[in-house]
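Proteins come first, then strands; the chains are lettered A, B, ... in the order of their sequence lines, and each starts at number 1. Every value quoted in this text rests on a predicted model; they were computed, and no experiment measured them.
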There are 2 protein chains.
Amino acid sequence: MIKKSSIAFKKSYEYIRDQILNGELPRGTKLIEEKLAEEIGVSRTPVRESIRRLEQEGLIQQKRVVNPSETDLRNLFQVRILLEGFAARSAAQFLREEDLGELRECVRIGRSGNAEEIMTANERFHDLIVQSTHNPFMIDTIARMHSIIYLFRKTVVYHKRPFLIDEHEQICQAIAEHQGELAERLMQEHLQADLEFCIHLLK
Amino acid sequence: MIKKSSIAFKKSYEYIRDQILNGELPRGTKLIEEKLAEEIGVSRTPVRESIRRLEQEGLIQQKRVVNPSETDLRNLFQVRILLEGFAARSAAQFLREEDLGELRECVRIGRSGNAEEIMTANERFHDLIVQSTHNPFMIDTIARMHSIIYLFRKTVVYHKRPFLIDEHEQICQAIAEHQGELAERLMQEHLQADLEFCIHLLK
DNA sequence: AATATTAATTTTGTATACAAAATATTTAAA
DNA sequence: TTTAAATATTTTGTATACAAAATTAATATT
């Protein structure tokens with residue numbers, strides 16, 4: 001089957017999404033179709049579609065860049081903890097040897113890399129575990145949450161959370177030893193700590 | 001804050017969604033913007049938007065009415081079981097007395113009502129439990145799954161699944177007695193049975 | 001000065017036109 | 001009769017116009 005290009009839509013979707021994710025469009029900003037269209041160099045139609053799409057993905061709410069409250073974050077993490085906890089348990093059972101190697105590599109980079117590298121490694125760590133479920137529906141649901149969580153990534157990178165990498169290492173080990181229950185619990189605690197850290201920064 | 005109407009969009013969105021859910025647009029059908037627009041009596045623009053929305057909600061995939069495979073259903077239910085299982089546990093802790101009454105009423109109707117009433121009561125049963133989480137994000141995620149699952153509701157109603165109401169009753173009782181762990185396990189088993197029944201019918 | 005009304009402006013929702021892309025159909029070649 | 005190429009048709013993507021709705025600014029009234 002042939003892929004369709006939709007270049008104007010792609011361009012505007014990626015532009016707006018990236019502007020939101022890297023903070024150039026701060027949380028709470030009102031998005032105006034015509035302004036964006038002119039800025040991007042396309043008509044309103046694809047911009048409109050992009051906004052709607054991002055609305056469905058949770059990055060935009062009522063034409064504004066989403067601005068999650070503490071409660072919103074807690075709700076989000078309640079679901080995230082359930083799903084990624086399951087994923088960790090699943091990884092302990094199904095993760096392939098080569099992926100386990102990459103998981104360890106992520107931990108290593110977490111200790112020795114620069115800010116940019118650490119951020120990428122952290123994302124990769126969680127992604128490897130989520131992918132191990134081989135459940136596209138679950139992967140998609142989790143990805144949707146991450147796009148909101150990533151709104152905070154700059155803030156979180158500046159204030160490095162203590163023990164983050166240690167926790168990753170523990171999870172990694174539990175997975176390597178096929179201890180599903182333990183991996184699940186450790187992941188839950190890990191994410192809970194992430195949440196509290198996020199909320200702490202929010203104030 | 002003032003609600004906006006968007007009458008053409010609302011009209012076309014609801015029209016298309018309902019046509020899909022009640023089977024008048026069978027699974028796999030290709031949707032053509034212009035045909036639908038004329039049928040509904042609006043222009044292509046709101047129809048387009050409706051299709052995109054329904055695509056995000058999972059009822060449409062690549063311009064066609066979604067047609068889930070057995071694997072798709074299993075993946076979907078894996079997530080559903082996690083989330084609704086959690087919701088049942090949560091209900092055992094937090095469900096208000098009046099909602100428990102309604103839950104019991106759903107069980108009663110499940111035994112004595114006609115097909116239409118039973119269907120509504122079943123939906124309500126699950127909804128009450130899901131709502132007890134008071135987590136809009138979780139509620140929304142689950143709702144999204146239900147819209148796909150409801151594609152099968154006609155088929156499922158014709159072939160009444162045995163023990164369905166008994167299981168509801170057991171869950172209801174566990175919740176009433178604040179036995180969270182039990183309620184969670186019963187809900188998981190209940191949904192697993194639902195899944196197997198769905199898949200059995202699919203063939 | 002604060003509040004309510006009205007008017008001006010911005011922004012969005014919808015319809016429409018047209019070109020690009022995808023699909024279906026016909027014709028030609030093996 | 002099958003396969004390939006060319007053509008015609010349908011369908012989608014994008015731009016644009018215009019009216020409805022929402023927002024903002026200005027005016028009048030207390």
Side-chain angles (χ1 to χ4, degrees), chain A residues 1-21 23-67 69 140 147-148, chain B residues 1-21 23-67 69 140 147-148:
Chain A
M1 198 211 191
I2 296 136
K3 207 186 82 179
K4 68 174 160 235
S5 38
S6 270
I7 74 139
F9 168 77
K10 195 162 180 276
K11 196 174 159 192
S12 71
Y13 171 78
E14 288 173 357
Y15 179 87
I16 299 169
R17 182 199 58 193
D18 293 347
Q19 289 268 319
I20 293 174
L21 287 182
E24 289 174 56
L25 282 171
R27 285 177 253 145
T29 312
K30 174 113 194 264
L31 299 178
I32 285 140
E33 296 175 2
E34 203 158 355
K35 285 227 180 76
L36 285 166
E38 193 172 8
E39 209 170 314
I40 300 167
V42 298
S43 85
R44 266 180 63 211
T45 314
V47 168
R48 227 177 133 65
E49 233 160 63
S50 303
I51 289 178
R52 294 297 151 92
R53 166 78 70 98
L54 290 162
E55 225 156 19
Q56 285 292 307
E57 291 177 4
L59 282 180
I60 295 176
Q61 256 169 20
Q62 294 146 194
K63 310 264 147 187
R64 287 173 185 282
V65 177
V66 72
N67 192 7
S69 67
D140 186 71
S147 72
I148 297 178
Chain B
M1 198 211 193
I2 296 134
K3 209 186 82 178
K4 68 174 161 232
S5 39
S6 270
I7 73 139
F9 168 77
K10 194 163 180 276
K11 197 173 158 192
S12 71
Y13 171 79
E14 288 172 357
Y15 179 87
I16 299 170
R17 184 200 55 193
D18 292 347
Q19 290 268 317
I20 294 175
L21 287 182
E24 289 174 56
L25 281 170
R27 285 177 252 144
T29 313
K30 175 113 193 260
L31 299 178
I32 284 140
E33 296 174 3
E34 205 159 355
K35 285 226 181 79
L36 285 167
E38 193 172 8
E39 210 170 312
I40 299 167
V42 298
S43 83
R44 266 180 62 210
T45 314
V47 169
R48 225 179 134 65
E49 234 161 62
S50 303
I51 290 178
R52 293 298 150 91
R53 168 77 71 97
L54 290 162
E55 224 155 21
Q56 285 291 307
E57 291 177 7
L59 281 180
I60 294 176
Q61 255 168 22
Q62 295 148 193
K63 310 263 149 189
R64 286 171 185 284
V65 177
V66 71
N67 192 5
S69 65
D140 185 73
S147 71
I148 296 179

Exercise. When we call it a touch if two heavy atoms are under 4.0 Å apart, what does B:Lys35 touch: a base, just sugar-phosphate, or nothing?
Worked result: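 Result for B:Lys35 = sugar-phosphate.
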For this session: Report which part of the nucleic acid A:Leu31 touches: base, sugar-phosphate, or nothing (heavy-atom distance under 4.0 Å, all strands).
Result: sugar-phosphate
Hey, are the side chains of [X] and [Y] touching, using non-hydrogen atoms and a 4.5 Å cut-off?
{"X": "A:Leu21", "Y": "A:Leu59", "result": "yes"}
{"X": "B:Ile51", "Y": "B:Leu36", "result": "yes"}
{"X": "B:Ile40", "Y": "B:Ile16", "result": "yes"}

Using whole Å, what does the distance between atom [atom2] of nucleotide [N] and atom [atom1] of [X] come to?
{"X": "B:Leu36", "N": "D:dT11", "atom1": "CG", "atom2": "C1'", "value": "12 Å"}
{"X": "A:Ile32", "N": "C:dT11", "atom1": "CD1", "atom2": "C1'", "value": "7 Å"}
{"X": "B:Lys63", "N": "C:dT23", "atom1": "NZ", "atom2": "P", "value": "12 Å"}
{"X": "B:Phe9", "N": "D:dA21", "atom1": "CZ", "atom2": "P", "value": "17 Å"}
{"X": "A:Gln62", "N": "C:dT11", "atom1": "CD", "atom2": "P", "value": "18 Å"}
{"X": "A:Glu33", "N": "C:dT14", "atom1": "CD", "atom2": "P", "value": "11 Å"}
{"X": "A:Glu55", "N": "C:dT12", "atom1": "CD", "atom2": "P", "value": "11 Å"}
{"X": "A:Glu34", "N": "C:dT12", "atom1": "CD", "atom2": "C1'", "value": "10 Å"}

Problem set entry | Residue A:Lys30, side-chain atoms from C-beta onward, closest of D:dG13, C:dT12, D:dT14 |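 Of the options given, the side chain of A:Lys30 lies nearest C:dT12.
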Exercise. Would the number of heavy atoms belonging to other residues, nucleotides or ligands and lying under 6.0 Å from CD of A:Glu34 be above 12?
Worked result: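 Count not over threshold, so no.
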Exercise. Has A:Gln61 got more than 12 heavy atoms of other residues, nucleotides or ligands less than 6.0 Å from its CD?
Worked result: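 Atom CD in A:Gln61 is not crowded, with 12 or fewer foreign heavy atoms closer than 6.0 Å.
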Exercise. Is any side-chain N or O of B:Lys10 closer than 4.0 Å to OP1 or OP2 of C:dT14?
Worked result: no
Exercise. By ring-ring contact (aromatic ring centres under 6.0 Å, His included), which residues pair with B:Tyr13, not counting sequence neighbours?
Worked result: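 Partners of B:Tyr13 under the ring-ring contact (aromatic ring centres under 6.0 Å, His included) test: B:Phe9.
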Exercise. Does the distance from a Lys or Arg side-chain N to an Asp or Glu carboxylate O, for B:Glu49 and B:Arg53, drop under 4.0 Å?
Worked result: no
Exercise. Hey, can you pull the residues of residues 42-50 of chain A with a non-hydrogen atom under 4.0 angstrom from DNA chain D?
Worked result: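 Close to the strand are A:Val42, A:Ser43, A:Arg44, A:Thr45, A:Pro46.
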